[in-house]
Amino acid sequence: MTGTEERTSAESPEPGGYAAARLRLLTEGARTGPPRRAALAELTDDWLAGLFTAGAGRPQGISGISLVAVGGYGRGELSPRSDLDLLLLHDGSDPTAVAALADRLWYPVWDLGLDLDHSVRTLAEARRTAGEDLKVQLGLLDARHLAGDLGLTAGLRTAVLADWRNQAPKRLPELKELCDERAERQGELRFLLEPDLKEARGGLRDATALRAVAASWLADAPREGLAEARRTLLDVRDALHLSTGRATDRLALQEQDQVAAELGLLDADVLLRQVYEGAGVISYAADVTWREVGRVLRSRAVRPRLRAMLGGGKQVAERSPLAEGVVEQDGEVVLARAARPERDPVLPLRAAAAAAQAGLPLSPYAVRRLAAAARPLPTPWPAEAREELVTLLGSGRPTVEVWEALEAEGLISRLLPDWERVRCRPQRNAVHIWTVDRHLIETAVRAAALTRHVHRPDLLLVGALLHDIGKGWPGDHSVAGEIIAKDVATRIGFDAEDAAVLAALVRHHLLLIDTATRRDLDDPATVRSVADAVGTQGTLELLHALTEADALATGPAAWSSWRGSLVADLVRRVGALLAGDLPDEPAPTAPTAEQERLAIEAFRTGGPVLALRARSEPVPTEETPGAPEPLGVELLIAVPDQSAVLPAVAGVLAVHRLTVRTAELRTLRLPQDVNDGDGSVLLLDWRVAAEYGSLPEAARLRADLVRALDGSLDIGGRLAERDAAYPRRRGLLAPPPRVTVAPAASHHATVIEVRAQDAPGLLHRIGMALEKAGVRVRSMHVSTLGANAVDAFYVTTGAGEPLPEQDAGSVARVLEETLRAP
């Protein structure tokens, strides 16, 4: 039968002709996807138009009544088992004739066994019902004329769209609430093993909601990839209907292989990955769109009051700096006007870290610009890039939204090419509730809460990100992941020793939980085998935290207090086996000529002396092989030995917005030919960087340091004023600080270890607390790993002796309480 003959038979009002043509269309296989859906809609249009004309008995000049397709049928999205959404619209002049026509339309549809959602209304009734029922209004937004009075249908479309736009400030929040409630019930499509293609978050209902938002003219969804994502889900639904013969939207496990075959895909995993990718695009577009709707509605609510207060005029959105090249504006993180992503390859990570730390979303326009303009990072990465990645991973729950924004524009796979193999990868395991990529991010989120329990939070966070990276390769994912992790660690700038630790974490990330739950812990061979695999106390500590984070990120069935106690018991036993005498206080290196010169000058002048100089080391880049990579600025300070030096120096740096990356303090005894006695100088060797902007002049730093030491500079007041000048951002809920006394860590001093969220003025607060406690800081070793400060302070009594055990514990408790205070 030719196409013309098929059309002719379908136009017949007889159900048999339409049914035969429909069956041929769905089984011929020549047309699939959008062409088949369009052809099925056209075939159905012709049949219904024929029924309408025959039923009305007036083939020419029909007025006062029309047949309208609404909802999915109105959009022309007819899947093989889709129901027909129809509205019989009339002017109210002849209700009896309309009722008779409705019967002639609906019964043939039912006779074919097709699902039908129908209504009969006047224009006024349709508008009133839409005003009362949001779902009805959404369906009418897609109204499409099928037969009858075209002017009547056009009047409906005009009126419904005008009502929708006029009522958008009220109706859009209702729509958002409906979407949220549905997501709560149905879950996130891109993480479900048996997803509902229509109702789950990121499904077809959300795609339709985005069309409705666009029709309101208040906001519009990001268009990149959205049409393709919608088409993917519709194609899968078509195949699901054909393979099951049912009108279902749930992609059940037992049907996935058959649906994959219907679509010509390799297997069910490939099918799910395509579904997840499409759902991810829709979910991200929904997040961005609803955020923009909220911003517009808030702006509309505030603007009249501002105009009344300010007497008119346009308000300029306030921009407050977050990091170099990154500012906050109107509740989003955007690029500064002076930012040049084409010259600053670290900017994407810096912006992402700043957004996550502030608990703010990254502007989609900023991400798009970064994706289009930012240069690739050199290999290995600069130290700043690695630090920003660690900061991003350690930001807790806000990391997820920021990571997804980067992934939506392809930045994650560009930064970490190995990520592509695990992106949207399903896990066919009832214990796992996430895809592989989301599980890795969830593990980093969980690990962020455990950073106070390890000495190397940067290794814990990167290990969390990489622990399942081998699942994109055949074979044992731990073995494959070990190789990948070592390569990634080297590429992002970790040294060989740290790269080996990360590789070990990935290789053995299941070791503790498997051993603790499946082996006899009283058997010495069990403990010995774990100790041999782990090797060091540091790796054991990291592995313990990673094990807990991994289990918590897997799902509720993967972790319990019982499992936690078994793992803790195993760690205790292995730690005892690995334990030896802890190293004493690190021996200070001999002072350099410059350090000795500064110390002598400070002793002779009786005041602080400092020097600022850039530090670099030869690290080749792609553009300039062998060129030095800037590592920050080294600040050398020499001060005659006196009290309160640490809080004074740390406070001055905080006032000048200088971030302390590493810091060392030690006492330097001067040669007798210089001091004629036992004079000593405190030598501080710190690595600092400006939060944003340029560094202050050394002379200005010294002048403020002199004032801080003599008490004429109110550091606490200056910092409080600055904090009050900026609104407190919600940011992340960081783990609480942890202060401990390291037992037997030194024979000459008491070692107090501090692990806390890095923040402006943190070191100043620690110094003030130690000063008030009456202890003397003999030396200190401070490092900032991402957003985490990991500090060790060697303190003594005034007589230079280690603190008594009770006093040491008291100092640690007071310091922890001080840091916990807001």
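Small disclaimer: the values here were computed from a predicted structure and weren't measured.
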Checklist entry - Within the side chain of D149, is there an N or O that forms a donor-acceptor pair under 3.5 Å with the backbone of G64? => result yes

Checklist entry - How would you list, by chain and number, every residue that makes a side chain to side chain contact (heavy atoms under 4.5 Å, CB included) with P95, sequence neighbours excluded? => result none

Next on the checklist: Give me the atom names and distance for the closest heavy-atom approach of A553 to H439.
Outcome noted: O-ND1, 3.2 Å

Checklist entry - Looking only at atom types and distance, does a side-chain atom of R201 sit under 3.5 Å from a main-chain N or O of L189, one as donor and one as acceptor? => result no

Checklist entry - Between S413 and G410, is there a donor-acceptor pair closer than 3.5 Å when you use the side chain of the first and the backbone of the second? => result no

Checklist entry - Do any N or O atoms from the side chain of R75 and from the backbone of D142 form a donor-acceptor pair under 3.5 angstrom? => result no

Checklist entry - Rounded to the nearest 0.5 Å, how far does CG of L67 lie from CG of L51? => result 9.0 Å

Checklist outcome for this item: Between S243 and L240 the two heavy atoms that sit nearest each other are OG-O, 3.2 Å

Item to check | Atom CH2 of W217 with >12 non-hydrogen neighbours under 6.0 angstrom | outcome: no

Next on the checklist: Test side-chain contact (heavy atoms from CB on, under 4.5 Å) on D83 and Y73; report intermediate values, then the result.
Outcome noted: CA-CA 8 Å; D83 59 348; Y73 180 29; over 6 Å; no

Checklist entry - Hey, does W47 have a side-chain heavy atom less than 4.5 Å from the side chain of V109? => result yes

Checklist entry - Do Y18 and T44 have side-chain atoms, one donor and one acceptor, less than 3.5 Å apart? => result yes

Item to check | Whether T248 side chain and R250 backbone form a donor-acceptor pair below 3.5 Å | outcome: yes

Item to check | Salt bridge flag under 4.0 Å for residues R319 and D330 | outcome: no

Checklist entry - Do you know which two heavy atoms are closest between S216 and L172, and how far apart they sit? => result OG-CD1, 3.7 Å

Checklist entry - Just how far is it from atom CH2 of W106 to atom CG of D111, taken to the nearest 0.5 Å? => result 14.0 Å

Checklist entry - For the residue pair P364 and V288, what are the closest heavy atoms and their distance? => result CG-CG1, 3.5 Å

Item to check | Within-4.5 Å side-chain heavy-atom neighbours: T122 and D91 | outcome: no

Checklist entry - Are I65 and L88 close enough that some pair of their side-chain heavy atoms sits under 4.5 Å apart? => result yes

Item to check | Over 12 foreign heavy atoms within 6.0 Å of CD, E132 | outcome: yes

Checklist entry - Is E42 salt-bridged to R37, cutoff N-O under 4.0 Å? => result no

Checklist entry - Can you find a pair of side-chain heavy atoms, one from L197 and one from V275, that are under 4.5 Å apart? => result yes

Checklist outcome for this item: In this structure, CG of L297 is separated from CG of L218 (nearest 0.5 Å) by 5.5 Å

Item to check | Salt bridge R182-E177, side-chain N to carboxylate O under 4.0 Å | outcome: no

Checklist entry - Where do R291 and D287 land on the salt bridge (Lys or Arg N to Asp or Glu O under 4.0 Å) test, with the steps shown first? => result CA-CA 6 Å; R291 193 164 68 236; D287 289 340; over 6 Å; no

Checklist entry - Would you call R190 and E277 a side-chain contact if the rule is heavy atoms closer than 4.5 Å? => result no

Checklist entry - Between the main-chain N or O of R423 and the side-chain N or O of R273, is there a donor-acceptor pair closer than 3.5 Å? => result yes

Checklist entry - Just wondering, more than 12 heavy atoms not from R36 lying within 6.0 Å of its CZ? => result yes

Item to check | Gap between atom CG of L210 and atom CZ of R205 - 0.5 Å precision | outcome: 13.5 Å

Item to check | Inter-residue atom distance I441.CD1 - R397.CZ, 0.5 Å rounding | outcome: 10.5 Å

Item to check | Heavy-atom pair of closest approach, residues L175 and A212 | outcome: CD2-CB, 4.2 Å

Checklist entry - Do V259 and Q256 touch side chain to side chain, with heavy atoms closer than 4.5 Å? => result no

Item to check | Test salt bridge (Lys or Arg N to Asp or Glu O under 4.0 Å) applied to D45 and R144, step by step | outcome: CA-CA 10 Å; D45 291 352; R144 182 169 59 85; 2.7 Å; yes

Item to check | Any donor-acceptor N/O pair, T129 side chain to A126 backbone, under 3.5 Å | outcome: no

Item to check | D437-Y276 side chain donor-acceptor pair, cut-off 3.5 Å | outcome: no

Checklist outcome for this item: Of all heavy-atom pairs linking S66 and T153, the shortest is OG-OG1, 3.0 Å

Checklist entry - Side chains of V68 and L86: does their closest heavy-atom pair fall under 4.5 Å? => result no

Item to check | R171: side chain to side chain contact (heavy atoms under 4.5 Å, CB included) partners, not counting sequence neighbours | outcome: L134, Q137, W164, Q167, E174

Checklist entry - Yes or no on side-chain contact (heavy atoms from CB on, under 4.5 Å) for L234 and L204, after CA distance, side-chain angles and deciding distance? => result CA-CA 8 Å; L234 288 169; L204 293 169; 3.9 Å; yes

Checklist entry - Does the side chain of V120 reach to within under 4.5 Å of the side chain of H90, using non-hydrogen atoms? => result yes

Item to check | Residue pair T554, R446: steps toward the side-chain contact (heavy atoms from CB on, under 4.5 Å) verdict | outcome: CA-CA 10 Å; T554 297; R446 297 289 188 166; over 6 Å; no

Item to check | Donor + acceptor pair across side chains of R237, S79 (<3.5 Å) | outcome: yes

Checklist entry - Can you list the steps and then say if R230 with E77 is a side-chain contact (heavy atoms from CB on, under 4.5 Å)? => result CA-CA 11 Å; R230 184 189 187 97; E77 294 175 349; 2.7 Å; yes

Item to check | Pair D269-R428, salt bridge (Lys or Arg N to Asp or Glu O under 4.0 Å): steps then yes or no | outcome: CA-CA 9 Å; D269 277 0; R428 296 188 175 278; 2.6 Å; yes

Item to check | E262 (side chain) donor-acceptor with L242 (main chain) under 3.5 angstrom | outcome: no

Item to check | Polar side-chain atom of H432 near backbone of W434 as donor-acceptor pair, under 3.5 Å | outcome: no

Checklist entry - Is a salt bridge present between E409 and R369, judged by a nitrogen-to-oxygen distance below 4.0 Å? => result no

Next on the checklist: So, taking the atom named CG in L272 and the one named SG in C424, what distance separates them when rounded to the nearest 0.5 Å?
Outcome noted: 10.5 Å

